[in-house]
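Worth knowing before you read on, the calculation uses all heavy atoms, side chains too, and leaves out hydrogens, waters and symmetry mates. Counting starts at 1 for both ligands and their atoms, following the listed order. Quick note: residue numbers are just sequence positions, from 1.
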Amino acid sequence: MAQTIEYVRVDGETITLVFALVEGGVADLVYMGGRLSRNEDMRALALSAARGQHENQPDVPPVPGLLPESKGGWSGTPAIELRQDGQRLNTDFRVEAWSTTANSIEITFADDALDIVVFIIWRIVNGDVIEAECAITNQSTQDYDLARLAALSLPIPRRFTEITSFAGRWSGEMHEERRPVTPEGLTRKSAGGKPGFGGGNWLVLHDGLDGEFLGAHLAWSGDYITTIDCDPTGSADGRAVLQMTTEADAGFGFLPAASSTETPKAVFALAADRSSLAQRFHAYLRTEVLPQRTVWGPRKVHLNSWEALGFDLSQDKLIALAENAAALGIERFVLDDGWFGERRDDRTSLGDWVVSPDIFPNGLTPLIDHVTSLDMDFGLWVEPEMVSPDSDLYRAHPDWCLHIESQERRTMRGQLVLDLSKREVSAHLFDRLDALLSTHRIAYLKWDHNRDLFPTAGKQVWQTVALYGLLDRLRVAHPHVEIESCSSGGGRIDFGIMRFCHRAWPSDNNDPFERLRIMRAWSQFLPLEVLGNHVGPSPNPITGRHTDMDFRGKVAMFGHMGVEADPAAMREAERDVLAAHIALYKGWRGLLHSGNLLRLDHPDPGVLAQMVAGDGAALGLVAQTQFSPEFDAAPLRFNGLDAQARYRVTLPLPWPARAARYLREKRKWRDGFTLSGQALMTQGLALPLTHPETAWLIALETIG
Ligand code: GLA
């Protein structure tokens with residue numbers, strides 16, 4: 001008997017999704033793209049996309065659809081994998097029912113033999129970002145093991161033929177890699193109990209002509225696995241399916257009789273270009289993910305003690321550092337590692353979250369009072385998920401770390417990982433952090449995580465779930481304390497952790513050349529106000545590069561600005577330049593942290609440019625990182641402006657000294673001149689961009 005196909009559409013503001021649903025059969029995605037008119041004929045749409053049977057194919061060609069399974073000839077990665085007594089089960093999930101709202105669809109699949117139901121939920125939310133999740137209920141009286149359940153299985157529309165993925169390492173996060181979608185497909189995964197420096201749970205697909213982009217991400221702070229299966233049967237039917245899930249080996253574990261579980265969310269969005277894609281994710285994060293975003297004040301300028309003092313701490317040195325910071329216009333003083341227990345280097349004392357009497361004979365309060373009297377608030381570094389073998393905590397509870405009984409406990413950075421899934425461990429950490437926050441005026445925690453999880457003993461999923469639980473309890477108990485997600489830099493940045501955090505630390509690398517690239521990569525997905533961006537020392541301790549303060553200052557402005565260097569070690573002229581950039585940041589942060597980020601193109605690959613546009617104003621940053629092959633670099637052309645509007649154009653001071661020599665009519669550039677949006681977008685501005693380490697800020701303000 002022929003099965004009836006029903007077509008269901010779900011619309012966002014700019015997009016339409018059309019699903020083909022067969023009761024007792026499969027659920028497939030027929031259309032995903034620009035919003036269709038109300039009277040679009042769904043049947044015709046499906047027909048125009050369908051193919052007849054070709055040679056060398058099963059008689060009923062397999063349709064992986066929204067829940068690919070190993071059945072009917074589909075040989076790609078199944079979305080769901082169930083086991084019993086170690087044996088993989090042959091699943092046969094069929095559509096049982098579905099329901100829609102104006103912007104969402106929930107599809108129920110049932111495997112009658114196993115007596116298990118699976119729910120796939122897709123919701124179009126702010127920014128026209130689509131949230132996808134999957135839930136499973138074991139209705140039977142039998143126990144199963146759930147080895148895999150994909151949050152997202154997305155049949156990729158054929159027009160997407162290229163993949164941009166990311167790869168990286170500590171201090172070299174998020175290098176872009178672009179390649180065609182080929183039969184080999186793609187597999188990316190992490191294994192350290194966090195997404196890692198490579199940002200592999202972020203992905204961008206594009207059509208070969210760059211006419212459209214699809215960004216996808218798994219909102220999960222533990223291990224992930226992303227796959228694209230292309231043509232798995234070898235039948236060259238050109239089909240590709242993207243799946244995102246928590247790492248498969250650990251799975252979700254046990255699915256006992258009469259129990260349910262669900263995946264984290266995967267999110268994806270479509271856009272006409274990379275700037276619009278970034279803006280979609282930014283809108284989503286700002287409105288749907290970040291904690292209490294509506295009550296955020298201006299993002300305060302930080303000074304962090306790490307690259308200024310390292311472990312060489314004393315109350316006097318910190319007070320001197322705080323005074324020098326305040327003189328620059330810093331608004332938050334962050335005491336990094338080394339303030340607790342016996343922690344004088346990175347081999348000891350993690351877990352002993354008590355203020356070191358050697359450094360602070362009268363506790364932290366005198367320092368905090370001093371910082372506050374200088375009109376700054378106070379932030380503190382912690383690394384709660386870790387324990388040093390040389391610590392009171394470890395000596396008291398050697399069984400609290402992740403370990404395998406008979407095996408040696410191997411450290412990384414001299415530390416082990418606490419097993420947060422043990423109730424008493426999470427409770428202890430909450431008590432310690434709650435005590436610190438309750439007895440001190442602390443406005444901000446830099447929450448670090450500096451080693452991989454091993455051995456995980458199958459617990460990495462639960463470690464992440466328990467971490468979310470701990471963060472959630474702390475957020476509720478101390479709603480005004482801001483939290484930064486740091487993991488040796490950008491090792492754990494994802495939309496899962498950003499539900500609890502106000503800031504992420506994109507990299508330990510503050511070298512402005514590296515930072516420009518790293519910020520550009522992260523800001524594809526996260527808005528500038530959550531991306532910490534600091535002026536570091538010169539030479540940079542990681543790359544060894546000497547850089548000019550003007551360049552460092554301008555680069556750091558496009559993010560949540562901070563300083564991670566000792567002002568006392570700077571020349572007076574450098575301090576002045578830094579203070580001037582801090583003042584500029586304060587003047588522009590309202591726009592930078594609420595406007596639309598646009599990635600600007602320039603023909604010279606050494607030039608990186610961006611702008612943020614908001615109500616009636618825009619601020620651009622253009623930076624030359626190489627020695628230009630031409631004396632006069634091509635003009636910088638803008639984007640996203642109102643062609644008819646008139647803009648007052650200025651180059652905010654201070655200027656890069658050497659480059660400024662090449663400006664014609666300096667006074668005009670300083671005091672301003674007027675151009676239309678059309679002229680700025682077509683012809684642009686001819687700025688001196690000859691030498692590496694040249695950066696310009698460009699202010700555009702609409703007139704009348
Ligand atoms: C990690 C962080 C750094 C710093 C050190 C302190 O590496 O990424 O910013 O806090 O730990 O030990």
Taking atom 9 (O) of ligand 1 as the reference point, the nearest protein heavy atom with its distance: Lys446 NZ, 2.7 Å

Identify, by atom number and element, the atoms of ligand 1 in contact range of Cys486, meaning under 4.0 Å from any of its heavy atoms. 2 (C), 8 (O)

Which ligand 1 atoms are under 4.0 Å away from a heavy-atom of Trp505? 9 (O)

With the threshold set at 4.0 Å, does a side-chain nitrogen-carboxylate oxygen contact exist between Arg410 and Glu408? yes

Pairing of Glu484 and Arg503 as salt bridge, 4.0 angstrom limit: yes

Using a strict cut-off of less than 4.0 Å between a Lys/Arg side-chain nitrogen and an Asp/Glu carboxylate oxygen, indicate whether Glu529 and Arg286 qualify as a salt bridge. yes

closest protein heavy atom to atom 11 (O) of ligand 1 is Asp448 OD2, 3.0 Å

Mark yes or no: Arg441 above the aromatic ring of Phe378, with NZ or CZ under 6.0 Å from the six-membered ring centre and no more than 45 degrees from the axis. no

In terms of residue, atom name and distance, what is the protein heavy atom nearest to atom 7 (O) of ligand 1? Asp508 OD2, 3.1 Å

Closer than 4.0 Å to some heavy atom of Gly489 - which atoms of ligand 1 meet that? 8 (O)

Ligand 1 and Asn450, any nitrogen or oxygen pair closer than 3.5 angstrom? yes

Is any NZ, NE, NH1 or NH2 atom of the basic residue among Lys194 and Asp452 found under 4.0 Å from an Asp or Glu carboxylate oxygen of the other? yes

So, do Trp202 and Phe525 have ring centers that fall under 6.0 Å from each other? yes

Quick check: does Phe311 get an N/O under 3.5 Å from an N/O on ligand 1? no

Do any heavy atoms of Arg413 fall under 4.0 Å from ligand 1? yes

Is the closest N or O pair between Asp337 and ligand 1 shorter than 3.5 Å? yes

Is any NZ, NE, NH1 or NH2 atom of the basic residue among Glu574 and Arg571 found under 4.0 Å from an Asp or Glu carboxylate oxygen of the other? yes

Identify the closest protein heavy atom to atom 10 (O) of ligand 1: which residue and atom is it, and at what distance? Asp336 OD1, 2.7 Å

OG of Ser171 to CZ of Arg515: how many Å apart, nearest 0.5 Å? 9.0 Å

